[in-house]
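Each chain gets a letter, A, B and so on, in the order the sequences are listed, and its residues count up from 1. Quick note: numbers below take in every heavy atom, side chains included, and nothing from hydrogens, waters or symmetry partners.
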Protein chains: 2
Amino acid sequence: MSPSENNGYSAKRYRTPDGAPADIVIFTIVSSPKNTIQKSLPLRELQVMLIQRKAWPFEGMWALPGGFSKETETLRETAMRELEEETGVENVHCQYLNVYSTPGRDPRGWIISHAFFSMVREELLQHRRAATDAADVRLFSVDEALESLELAFDHRDIIRDALDKLKEEVLRTTLAKQFLPDEFTLGELYQVIRTIIPSFQEDNFIRKLKTTRRQGILEPALDAEGAPVYSTQFSQRPAQLFRFTGNEPEWSIYG
Amino acid sequence: MSPSENNGYSAKRYRTPDGAPADIVIFTIVSSPKNTIQKSLPLRELQVMLIQRKAWPFEGMWALPGGFSKETETLRETAMRELEEETGVENVHCQYLNVYSTPGRDPRGWIISHAFFSMVREELLQHRRAATDAADVRLFSVDEALESLELAFDHRDIIRDALDKLKEEVLRTTLAKQFLPDEFTLGELYQVIRTIIPSFQEDNFIRKLKTTRRQGILEPALDAEGAPVYSTQFSQRPAQLFRFTGNEPEWSIYG
DNA sequence: GGAATAGTGTCTTTAAGACATTATCTA
DNA sequence: TAGATAATGTCTTAAAGACACTATTCC
């Protein structure tokens with residue numbers, strides 16, 4: 001049924017948008033071994049994946065991966081499709097961020113963009129490739145992307161908004177699990193949080209997460225006999241492994 | 001500069017959306033005097049403003065107020081414009097909720113809707129009027145709207161999402177201030193929260209909000225001499241008035 | 001006096017926070 | 001044995017939670 005067949009209604013009475021793309025801020029945490037004599041936790045850096053545009057507008061500039069939505073899919077499906085095309089990875093985290101509609105934001109016309117952000121573990125990003133509309137694709141540290149790079153469109157705003165949301169949610173929700181394996185040590189969790197929020201410091205972090213209120217959010221990893229599991233991957237002394245239960249923390253007022 | 005003049009680029013190579021509307025979930029809390037012998041806190045009910053459609057599609061059904069965006073404005077401006085048109089009120093709360101893009105959600109074509117929600121104090125809603133595209137406009141209790149009413153489009157989903165977000169944020173942020181006057185008693189604040197979340201119960205609510213961690217969020221209202229202000233509007237015994245400082249609570253991990 | 005809401009006293013339990021100390025394993 | 005991270009001991013202070021009690025004012 002075409003619109004013009006219905007009771008004289010026409011959606012074309014006004015100008016309509018020239019496109020509805022989804023842009024995706026793909027975050028990853030890149031680990032590099034610390035230069036120490038003994039086993040240690042790696043150095044970690046929060047990075048963002050950008051593509052280099054190979055066509056007008058903003059040709060040659062770095063931009064967020066993304067693409068136009070089709071009328072047969074939701075914007076989430078658009079984002080997931082583009083995410084899989086750019087990274088070669090399926091079933092990863094992807095979360096809606098905001099809509100960007102400032103007039104003139106896109107020189108191609110009236111184009112309202114929907115931004116998503118995604119947290120992908122670095123080992124899943126090995127197969128990234130330049131899509132057909134990109135000259136190159138690479139990871140930049142978030143600081144570099146925000147401070148030194150001239151970005152296409154309003155993509156700097158989008159990355160900043162995504163980073164703000166990431167910082168807020170990594171403290172308030174269990175979002176950090178996206179950057180961790182199923183079973184992890186509390187030292188690793190602490191490091192992930194500090195990678196995203198360098199100023200974060202809690203002296204008794206490990207003890208704190210093991211006490212009452214957090215039970216229900218984290219649980220010890222258990223082996224087949226029901227005994228706690230320990231790892232020496234990052235330390236001499238074995239560290240207890242934990243997993244997320246799937247519960248999200250709830251908050252009471254102004255607490 | 002028209003799109004077709006630029007390096008052969010044309011945004012019209014693909015089908016483009018038929019419109020980008022903003023829909024607004026307008027919440028209010030309606031107070032009615034309790035049938036008691038003495039002064040008391042009012043009964044309160046959370047309500048939502050709906051319009052009755054007078055044209056295809058969904059003619060005669062109740063729907064969220066809203067309208068199409070123009071290329072010269074942001075979607076937030078669209079929402080604020082519609083909000084002022086429907087309610088006659090300016091400068092009210094308005095917050096982005098989500099985007100709704102399920103194919104087929106609008107029989108008029110490919111129409112991606114952007115939902116906002118707004119919290120308006122009931123005394124500001126006296127001048128509401130039916131816009132030109134509405135046969136009628138009225139307030140419904142949120143329960144009635146969600147359970148008994150057949151709503152146009154996917155507006156039931158939108159209202160449910162808005163209610164969920166409202167419930168979450170009224171506990172986590174100072175959103176409740178949108179339903180309160182500048183200076184209010186903690187009993188009023190408690191009532192507002194319980195109106196939105198009936199299951200909420202805190203025995204020591206008033207004391208709790210006056211102790212340490214909350215300082216910085218709420219502060220006592222002071223008169224010209226710097227003395228605390230009390231009100232007997234809802235009670236025999238004078239109740240201390242408070243105001244929001246403007247600070248938002250911060251949250252530490254899993255606490 | 002009783003109705004209705006505001007607010008305090010008191011006690012117990014739990015968590016937060018600081019900071020020193022010990023534990024485990026390996027290069 | 002020194003290095004690196006994991007974890008506990010101990011002490012102090014603050015907050016949570018339960019629940020009984022008092023306060024204020026007006027009908």
Exercise. Partners of A:Glu144 by salt bridge (charged side-chain N to carboxylate O under 4.0 Å, His left out), sequence neighbours excluded?
Worked result: none
Problem set entry | Spacing of CD belonging to B:Glu183 relative to CZ belonging to B:Phe242, to within rounding of 0.5 Å | 11.0 Å
For this session: Round to the nearest Å and state the distance from B:Lys210 atom NZ to C:dT8 atom C1'.
Result: 9 Å
Without placing hydrogens or testing angles, list every side-chain donor-acceptor pair under 3.5 Å for residues 159-166 of chain B, not counting sequence neighbours.
from	atom 1	to	atom 2	distance (Å)
B:Asp161	OD2	B:Tyr100	OH	2.5

For this session: Mind checking the CE-CZ spacing from B:Met49 to B:Arg138? Nearest 0.5 Å is all I need.
Result: 12.0 Å
Problem set entry | Length of the line joining B:Lys208:NZ and C:dG7:C1', which is rounded to integer Å | 17 Å
Problem set entry | Criterion side-chain contact (heavy atoms from CB on, under 4.5 Å) against B:Phe116, the qualifying member of B:Leu83, B:Asp23, B:Leu75 | B:Leu75
For this session: Determine, for nucleotides 19-27 of chain C in 5'-to-3' order, which nucleotides have protein heavy atoms under 4.0 Å from the base (write B), from only the sugar-phosphate (write S), or from neither (write -).
Result: B---BBBBB
Seminar exercise, completed: Out of D:dT5, D:dA7, C:dA4, minimum distance to the side chain of B:Ser40 belongs to C:dA4
For this session: Can you tell me the distance, in whole Å, between the CG atom of B:Leu189 and the C1' atom of C:dA6?
Result: 15 Å
Problem set entry | Distance in angstrom units between A:Phe205 CZ and D:dT8 P, rounded | 15 Å
Problem set entry | Shortest side-chain distance from B:Glu202, nucleotide among C:dA6, D:dG17, D:dT8 | D:dG17
For this session: Calculate the interatomic distance between B:Leu209 atom CG and D:dA15 atom P; express it in whole Å.
Result: 13 Å
Seminar exercise, completed: For B:Arg81, the salt bridge (charged side-chain N to carboxylate O under 4.0 Å, His left out) test, sequence neighbours excluded, returns B:Glu73, B:Glu85
Exercise. If every non-hydrogen atom of A:Ser40 is compared with every non-hydrogen atom of A:Lys34, which pair is closest and at what distance?
Worked result: OG-CB, 3.5 Å
For this session: Using a cut-off of strictly less than 4.0 Å, decide whether A:Lys34 has a side-chain nitrogen or oxygen near OP1 or OP2 of D:dT5.
Result: yes
Exercise. What nucleic acid atoms does B:Leu186 come within less than 4.0 Å of, heavy atoms only: base, sugar-phosphate, or nothing?
Worked result: nothing
Check: residues 188-197 of chain B side-chain donor-acceptor pairs under 3.5 Å, at least two apart:
from	atom 1	to	atom 2	distance (Å)
B:Glu188	OE1	B:Thr185	N	3.0
B:Tyr190	OH	B:Arg194	NH1	3.3
B:Tyr190	OH	B:Glu202	N	3.2
B:Gln191	OE1	B:Arg44	NE	2.3
B:Gln191	OE1	B:Arg44	NH2	3.4
B:Gln191	NE2	B:Pro42	O	2.9
B:Arg194	NH1	B:Phe200	O	3.2
B:Thr195	OG1	B:Gln191	O	2.7

Problem set entry | Separation of atom CG in B:Leu41 from atom C1' in C:dA3, rounded to whole Å | 14 Å
Problem set entry | Atom-to-atom span, CD of A:Gln191 to C1' of D:dA4 - whole angstrom | 12 Å
For this session: Rounded off to whole Å, could you give me the CD-to-P distance for the B:Gln240 and C:dG7 pair?
Result: 6 Å
Exercise. Quick one: bend of the helix from C:dG1-D:dC27 to C:dA27-D:dT1 from 5 pairs per end, to 10°?
Worked result: 10°
For this session: Using the six-membered ring wherever Trp is involved, compare the ring planes of B:Phe244 and B:Phe184 and label them parallel, tilted or perpendicular (cut-offs 30° and 60°).
Result: tilted
